[in-house]
Each structure stands twice: as C-alpha cells, then as structure tokens.
Amino acid sequence: MAQQPSFHLDDDTSRYIKGTLIATVYHQTESLYTVARIRVKATNENYNEKEVMITGILPPLREDELYLFYGKFKDHPKYGKQYEVELFKKEMPQSKEAMIQYLSSDLFKGIGKKTAEHIVDVMGNDAITKLLEAPEYISQIPKLTEEQAKNLHGALLENRGLDQVMMAVQPYGLGPQLAMKIFQTYQDEAVTVIKNEPYRLIEDVPGIGFHRADEIAKGNGMQVNHPERIQAACLFLLRDQGTDLGHSYLPMEDLLEGVRKLLADGKDTVDEMSIFREVQDMETEKRLIIKEKVVYLPSLYFAERGFAQKMNTLLQNQKSDYDLPDEKLEDELSALEKRLNMNYAKSQREAIKKALTSSLMVLTGGPGTGKTTVIKGIVELYSEIHGISLNPEDYRGKKEPFPVLLVAPTGRAAKRMTESTGIPAHTIHRLLGWKGGGHFEKNEDEPIEGKLLIVDEMSMVDIWLAYSLSKALPEQIQIIFVGDEDQLPSVGPGQVLKDLLQTEHIPQTRLIDIYRQSEGSSIIRLAHEMKNGQVPEDLLIPQNDRRFFPCSGEHVFQAILQVCENAIKKGYTSRDIQVLAPMYKGPVGIDRLNVELQRLFNPEKQKQRQLQVANVFYRKGDKVLQLVNQPEDQVFNGDIGEIVAVIYARENTEKEDQIVISFDEIEVTYKRSEFHHFTHAFCCSIHKSQGSEYPIVVLPVVKSFYRMLKRNLLYTAITRSKEYLILCGEQEAFNWAVQRSDETERYSGLKLRLEETWLEKDNTNDTLLNETN
DNA sequence: CAACGTGC
C-alpha cells in the first residue's frame with residue numbers, strides 16, 4: 001500500500017521520555033522556562049530510573065496529563081542529570097476527570113460538562129482516541145443530538161494534533177520539524193492559527209519569516225493589499241531585518257520601500273501610499289511610533305527614551321559629595337601611585353579624577369591605552385577617599401551592601417575585571433537577575449544597591465540591555481561606562497557607547513595610546529589609519545612588528561600554514577600564535593584551518609590517545625576554545641585552554657569518555673555529553689577574539705570573506721596582536737574592508753533622545769524656578 | 001555570515 005511520507009515522532013531517530021508530572025520545581029510565567037520532576041512511563045533513552053528532572057520552555061504542566069518530551073540529557077553542574085526538552089507533545093487526557101474537562105472545554109462547541117460525562121461513561125477514559133480511530137462510534141453514543149455529534153466529529157478532526165498541523169502546512173513546503181514547532185507553540189489551536197492568523201507564526205515560531213507566513217496566508221485566500229498583510233510586513237521588516245542590522249528604527253522611506261518590495265509578488269504590487277496609510281493606522285493603535293519621519297517599534301523607542309532620561313537624571317543628581325577638591329585628589333593619586341609602585345599618564349590621571357567627581361562618565365580608548373589600569377585606579381582611589389573597605393568579607397552578614405559594582409556584558413570580560421581589580425565582577429545579566437524573555441528581577445521598583453558602578457566593554461551592550469540596566473539604577477549612584485567604540489558593535493540593536501560619546505553634555509574621557517609606544521608600533525599606527533579610513537602606503541612593506549604576504553586563492557591557505565610552520569621552527573608554540581578568521585566555512589575558513597593547524601601544532605603521535613567528535617579528533621596538547629559560560633568552574637565563553645588529559649570510558653567509574661582542559665591554573669573535566677562546550681582554537685573567529693590579546697596574530701584577508709569584511713572587524717582583528725601581526729592575502733580585500741564602514745552604520749536615535757530629554761529637564765527646572773520666584 | 005546573556 002502506498003503510504004504518504006510522514007514524520008513519526010516515535011521513530012528511532014527521535015529520543016523521548018513519556019511521563020506524567022510529579023511536581024513543578026520551577027516555572028517562570030514570562031518565559032515559560034520550566035523545571036519539573038516527571039514520573040517516567042516509557043522512554044527510548046538509555047535510562048532506567050523511575051523519575052527524571054526535565055527543563056525547557058513549557059506551558060504549565062498538569063498532573064492529569066501524559067506528556068511526551070523529546071530532548072537530550074544534560075549534565076548540569078549544580079543539579080546533576082537533567083533532560084533538556086526541545087519539543088513536547090501532550091498526549092490525550094488520561095484520567096476520567098481530565099477527559100471530561102477536555103471534552104467540555106471551548107474546543108468542543110455545544111458539549112457541556114453533562115454531555116462530556118456521558119460520553120466518557122459510555123466510551124471510557126480513552127474516548128477521544130477511540131473516536132479518532134473509529135468516528136462511526138459517535139453515532140452510537142446515546143443522547144447525543146445530531147448537532148452535537150457533528151460538532152464533536154468536526155472538532156476531533158480539527159484538533160487531532162500534529163497530524164493535522166502537518167497536513168495543513170504540507171502544501172507550503174514546511175517540513176515536519178517546523179510543523180512540530182507550530183504544534184508545540186499553539187497545541188490545540190495550531191490549525192486555527194494557521195487558518196485564521198498565519199502572520200502570527202512570524203512572531204511565535206522561529207524559522208518562519210514573512211515569506212513563509214505569507215504563502216500560507218495566500219493559500220487561505222489573503223488579498224494582496226489586505227491591511228493585515230501590509231501590517232505584518234511592516235512589523236517583520238522593523239523587527240527582523242532592522243534589528244538584524246542593528247537598527248533601532250527605520251526611516252519612513254526605507255520602511256515603505258522595503259515593505260513594498262516584500263509585498264510585491266509578480267504583477268501584484270502594493271503602492272507605498274497604501275503602506276503609508278497602514279503605518280499611520282498602526283501608529284494610532286500604538287503598535288508603531290513615528291518620530292521625526294522615522295519609524296520605531298515601541299519597545300525600541302521606549303528603550304532609547306528611557307535610557308536617555310535616566311542618564312540625564314543621574315547627571316542632574318550631581319551631588320556635592322562628588323565635588324572633591326582637585327588638590328586632595330592629586331595628593332591621593334600620588335599616594336596611590338606610590339602604593340601601587342606605578343605612574344599614571346596624564347590622560348589617565350584626568351580620567352580617574354573625572355570619574356570620581358562625576359555622577360556619570362564615559363571612558364574610551366583603543367587597546368593598549370590602559371583602560372583596565374584606570375578602572376583599577378578609580379576603584380582604589382574611591383575606596384581610599386571614601387574610606388570604605390574593598391574586602392567583600394567585611395560586608396558579609398552586614399546590612400550595608402558592597403558599594404562597588406563591576407559588570408560587563410560577557411562572562412569573560414567580567415572575569416578579566418575580577419582579575420585586574422581583585423573585586424568580584426559579574427555579567428550585567430547576573431547583576432540584574434535575569435528572568436528570561438528580556439525581563440529582570442531588578443528594575444525601577446527594586447533597584448540594585450551600590451554606590452559606584454563600572455560597566456566594561458560597553459561597546460557590546462545593546463539598547464535593550466542598557467535600558468534594563470538604567471531602570472535598575474538607584475538615583476544616588478556614580479556610573480562609569482568603559483569601552484572602545486571602534487570595536488565590533490553589539491549583537492542587538494543600537495550603538496549605545498558611540499551615541500553616548502557623541503553627545504556633548506555627557507562627561508567623557510578619551511585615553512590616548514600610552515603603553516604600546518605609538519612611534520615604535522606600526523600595528524598601532526595601522527589601526528589609527530584604518531580608523532580614519534586610510535590604508536598606509538607601506539602596507540606591503542615589512543615592518544618591525546608586522547608583515548603582509550600578498551597571495552590569493554588557495555595560496556592563502558598554504559601561506560598561513562607556512563607562516564605557522566616557520567614560527568614553530570623558531571620555537572613558538574600555539575600559545576604564542578593565534579590565527580584569526582571571520583568565518584567558519586569556506587576555503588580559508590576556521591574549520592579547515594583548524595584541521596591543518598592541529599596537524600602542524602600538535603601532530604598525532606603513534607598510538608596516541610584521542611577522542612573523536614564528529615570528524616574532529618581531540619588529543620593531549622590541543623589548543624581549545626570554551627564556547628559556553630561555566631561560572632561554577634570559573635571558565636567562560638571565549639576562554640582558551642589546552643587539553644591535558646584524555647580519559648576513556650572504560651578507565652573511569654562514570655564509564656564515560658572524558659577530556660580534561662587546563663585554563664591557566666584551572667583544570668576542568670568534561671564528559672562526552674559536554675564535549676560541545678569547546679572546540680579547537682588553533683584558529684578562532686575574530687568575534688570570539690574580541691577582548692583577548694595574543695603575542696602573534698596571523699590573519700587571512702581574502703575576497704572570499706567579502707560579506708564580512710568591514711572596517712571594525714578588521715580593526716578588531718589586527719588590534720588583538722601585542723607583538724607581531726602577519727597578514728596573508730589580497731591587498732584589495734584589505735582596502736575593501738577599510739572602506740566599508742558606512743554599511744555597518746546603524747540607525748539609532750539615542751543621541752537625539754539624550755539631547756531632547758536633557759533640554760526637557762532644563763525646561764522643567766526653568767518652570768520651577770519661575771514659579772518659586 | 002558572525003555574535004551576547006540566562007532561569008531550579
């Protein structure tokens with residue numbers, strides 16, 4: 001018999017645990033993040049326990065339901081073995097009560113509690129399963145009116161679940177995975193949503209963009225110029241495409257043109273006037289915000305506005321406490337220099353003094369300008385002048401909270417801060433108490449406690465996070481933002497650091513190059529020229545600290561290997577040399593480089609112990625890159641380590657393959673189930689290298705990277721090198737990257753918001769003054 | 001095409 005191709009959840013490719021709820025351990029209503037204890041009824045996992053802890057994004061679970069969880073086991077450092085659910089499915093209600101409740105729910109029109117009870121009495125607890133298998137039984141249920149029978153039949157078919165969803169989306173080329181996601185998202189309402197509100201899929205189901213939803217809508221008979229269609233396209237363009245490029249808004253013209261293109265379908269087009277009208281309607285409904293001829297998603301507008309307002313409030317709170325006499329500061333600074341046995345440069349002294357006397361300050365400078373030194377100085381001098389202890393132990397059990405807060409957007413940057421200051425630093429998310437879905441425990445109602453806050457690596461903070469942080473700030477706090485505006489921008493929308501620096505009334509200090517002698521270093525000079533959009537004439541001429549090997553095509557790959565081989569002969573190791581590349585795939589991609597570089601730096605010895613993951617072999621001596629944060633191990637995303645031991649399953653009590661990696665002094669053991677927490681690091685991505693420095697950087701620069709070649713990416717890469725920089729590739733590609741900075745420009749209104757809210761404050765003050773006069 | 005953080 002010819003069978004329709006179908007996706008069976010119970011086939012052996014998907015692992016599952018079927019079970020019932022014992023107790024919900026944790027459930028967050030905003031994000032739906034759930035931890036629950038489950039009684040195992042059946043599983044195809046290698047698991048023999050009666051109970052299991054599951055985690056995942058799930059609706060509130062009920063005790064009377066049977067669930068099918070698809071996922072995999074994870075070893076949580078604190079909570080042990082847990083099943084991480086990727087997809088789940090609700091089995092039909094099992095108990096009599098649940099079945100009655102289900103049948104009398106809104107899903108089955110015309111069937112109330114009485115009728116539902118009757119059906120279950122006649123058909124049993126598995127009434128629905130039975131009726132689905134043999135719908136003809138419906139007519140045999142006594143006391144059911146013809147109308148009720150018809151409704152029941154229709155609803156049963158409609159809500160049959162996954163099969164129905166798959167059938168509904170099949171004509172649109174959506175595979176079983178997406179069908180499953182849709183079903184998971186809407187459960188019983190999935191088919192209804194697909195039929196009536198297909199554009200909701202864009203928002204709710206990752207992997208469905210405007211075009212896919214639009215295909216479905218079209219299949220449902222959606223008119224080309226239907227308001228719903230136009231509105232969905234507007235939101236999609238702003239949310240998905242705009243924020244992907246880092247924009248906080250889109251200019252009206254860009255939006256209209258973009259939406260017109262998105263909606264055009266052969267001869268069927270929608271004119272920009274109609275789109276404009278919809279945009280206006282959406283503004284009336286407060287689903288969009290229009291300011292100065294640009295269009296915002298409300299969340300982004302309020303983030304800009306709220307952050308700007310808070311910054312200005314802090315500025316106006318300039319208290320007399322901060323008004324320290326310059327003489328005292330100078331004296332204390334000199335004493336500090338003596339104590340730390342060092343000398344601050346003039347711009348560093350100014351930075352430290354300004355930081356201590358301002359309620360808000362931005363500190364910026366390129367790599368090697370001593371931002372870290374200044375942070376340390378600020379903290380030390382602050383404690384000195386205010387006579388406060390910097391020993392966290394002194395605050396244990398006391399009412400007074402630790403007054404100095406240090407944070408950074410990434411775990412690794414926080415770790416570096418901890419190391420350089422001796423004071424515990426955290427991620428911004430940790431400080432604010434992340435709750436999922438963009439919500440935090442700390443906010444305007446429950447502000448954080450502290451007197452001085454320093455935020456490092458501010459270039460990586462997007463406008464949403466900046467707003468969340470600003471909301472949680474008490475009014476009496478001194479805050480210092482630190483960062484390098486020429487580095488890679490934040491993943492999320494906005495360019496908060498840049499905008500702060502471009503706003504005149506925001507107190508700021510720029511550090512100039514001090515440490516890596518500018519005159520001696522042609523790397524620094526190169527970086528400077530690049531900043532200004534220039535390529536030095538001597539790019540190809542060997543310098544004392546950099547070289548450019550011109551080559552193209554396959555030669556680039558060979559040149560990189562040759563450079564490394566020569567370095568090895570000179571006695572350098574993989575610790576000294578870091579190869580960087582912008583992307584993983586391709587002929588000069590990270591993946592391919594790592595395979596060959598492993599062969600060079602850590603060749604396989606006879607009978608060497610090694611463990612295989614996919615096509616990669618790990619062995620002792622391999623340089624590896626940590627990919628996730630493991631705060632409990634003091635190891636963070638981006639940390640580089642070295643494999644120091646390979647242990648086979650038969651050699652340990654857990655009977656699981658293990659790899660031990662050493663990060664500086666710390667050694668961390670990974671089980672096979674955690675091997676995806678690291679990867680080879682002979683070559684790593686430029687993005688991952690952000691925040692690290694290496695003695696020697698080797699960098700391929702080729703046209704095949706053209707999509708990624710932008711000025712700030714190249715800048716970030718070359719400024720990672722402390723002593724020597726080796727470029728291999730095409731000069732044309734280098735020039736191209738330096739020229740390309742406009743394309744990375746982001747639409748941001750933060751500078752404007754900072755200025756307008758500043759003026760509004762002035763006005764309020766004037767009014768107050770006038771009134772008191 | 002690459003990239004951040006996180007809940008018991």
Side-chain angles (χ1 to χ4, degrees), chain A residues 22-38 52-58 61 74 76-85 243-246 407-415 426-442 455-466 468-469 483 487-494 496 580-586 588-591 625-632 636-638 679 683-691 702 704-710 712-714 716-717 737 740 743-744 746:
Chain A
I22 299 171
T24 300
V25 177
Y26 183 81
H27 178 76
Q28 202 133 57
T29 33
E30 309 251 19
S31 66
L32 298 185
Y33 178 78
T34 305
V35 182
R37 222 163 92 217
I38 297 296
V52 66
M53 278 293 209
I54 61 146
T55 65
I57 308 298
L58 301 164
L61 301 178
K74 281 276 164 71
H76 193 284
K78 207 157 121 202
Y79 305 106
K81 202 164 185 171
Q82 299 186 322
Y83 201 63
E84 207 176 77
V85 178
T243 53
D244 237 25
L245 295 170
V407 292
T410 68
R412 199 160 48 106
K415 180 184 174 182
H426 301 280
T427 62
I428 299 174
H429 288 79
R430 283 242 157 157
L431 174 75
L432 299 180
W434 197 82
K435 288 204 303 180
H439 299 276
F440 295 93
E441 265 163 39
K442 300 289 179 184
V455 188
D456 200 2
E457 297 285 6
M458 191 60 191
S459 60
M460 299 164 95
V461 176
D462 66 38
I463 185 63
W464 283 314
L465 188 59
S468 299
L469 176 64
Q487 288 209 28
L488 297 168
S490 57
V491 175
V496 181
L580 298 176
M583 53 208 256
Y584 288 92
K585 306 281 168 236
V588 212
I590 297 160
D591 292 337
L625 175 77
Q626 175 75 15
L627 295 171
V628 294
N629 284 350
Q630 290 173 204
E632 61 288 340
F636 296 90
N637 186 355
T679 183
C683 176
C684 80
S685 74
I686 297 173
H687 280 86
K688 285 267 184 227
S689 77
Q690 175 143 265
V702 289
S704 64
F705 293 155
Y706 75 102
R707 295 170 143 281
M708 307 244 15
L709 285 176
K710 313 229 168 111
N712 48 9
L713 187 85
L714 199 57
T716 303
R740 285 216 305 170
E743 290 168 53
T744 51
R746 298 175 163 208

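Within every chain, numbering begins at 1; the chains are lettered A, B, ... in the order of the sequence lines, protein sequences first and strands thereafter. All of these numbers come straight from a predicted model, not from anything done at the bench.
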Pick the nucleotide of DNA chain B nearest each of A/His687 and A/Val25; which residue has the one closer to the 5' end? A/His687

Scanning both residues in full, the closest heavy-atom pair of A/Thr427 with A/Thr410 reads CG2-C, 3.8 Å

B/dC4 OP1/OP2 closer than 4.0 Å to side-chain N/O of A/Lys688: yes

Round to the nearest Å and state the distance from A/Asp456 atom CG to B/dC4 atom P. 16 Å

Does A/Tyr33 place a side-chain N or O at less than 4.0 Å from the phosphate oxygens OP1/OP2 of B/dG5? no

Checking contacts here: which listed nucleotide (B/dA2, B/dG5, B/dC8) is nearest the side-chain heavy atoms of A/Val35? B/dC8

Heavy atoms under 4.0 Å, any strand shown: does A/Asp462 hit a base, just sugar-phosphate, or nothing? nothing

Gap between atoms CZ and P, on A/Arg740 and B/dC1 respectively (whole Å): 12 Å

Looking at A/Arg740 and A/Tyr706, would you say the former's side chain and the latter's main chain have a donor-acceptor pair under 3.5 Å? yes

Just by modelled atom types, is the A/Trp464 backbone N or O under 3.5 Å from a matching donor or acceptor in the A/Asp462 side chain? yes

Whole Å only: how far is the CD atom of A/Gln626 from the P atom of B/dC4? 12 Å

Please state whether the rings of A/Tyr26 and A/Tyr33 are parallel, tilted or perpendicular, taking 30° and 60° as the class boundaries. perpendicular

Under 4.0 Å, counting only non-hydrogen atoms across every strand here, what does A/Gly411 touch: a base, just sugar-phosphate, or nothing? sugar-phosphate

Out of B/dC8, B/dA3, B/dC1, which nucleotide sits closest to the side chain of A/Met708? B/dC1

Counting side-chain heavy atoms from CB outward, which of B/dC8, B/dA3, B/dC4 is closest to A/Asn637? B/dC4

Measure the shortest side-chain to side-chain distance between A/Pro582 and A/Leu713 over non-hydrogen atoms and say whether it is less than 4.5 angstrom. yes

Nearest whole Å is fine: how far is B/dA3 P from A/Leu627 CG? 9 Å

Under 4.0 Å between any heavy atoms, over every strand shown, what does A/Phe705 touch: base, sugar-phosphate, or nothing? Just pick one. nothing

Can you name the one residue among A/Val496, A/Ile428, A/Val491 that meets side-chain contact (heavy atoms from CB on, under 4.5 Å) with A/Leu465? A/Ile428

Provide, to the nearest angstrom, the distance between the CG atom belonging to A/Asn629 and the C1' atom belonging to B/dG7. 14 Å

As a test of reading the structure: which of B/dC4, B/dC1, B/dA2 is closest to the side chain of A/Val491, going by heavy atoms? B/dC4

Whole angstrom value for the distance that separates P of B/dA2 from CG of A/Leu580: 15 Å

Would you mind telling me which residue lines up with the more 5' stretch of DNA chain B, A/Phe636 or A/Gln82, judged by nearest nucleotide? A/Phe636

Using a cut-off of strictly less than 4.0 Å, decide whether A/Arg412 has a side-chain nitrogen or oxygen near OP1 or OP2 of B/dC4. no

For A/Met460, report the nucleic acid contact type (base, sugar-phosphate, nothing); a contact means any heavy atom under 4.0 Å. nothing

Can you tell me if the side-chain N/O atoms of A/Thr55 get under 4.0 Å from OP1 or OP2 in B/dC8? no

Return the value, rounded to whole Å, for the distance between atom CD of A/Glu632 and atom C1' of B/dG7. 14 Å

What is the distance, rounded to the nearest whole Å, between atom CG of A/Leu488 and atom P of B/dA2? 13 Å

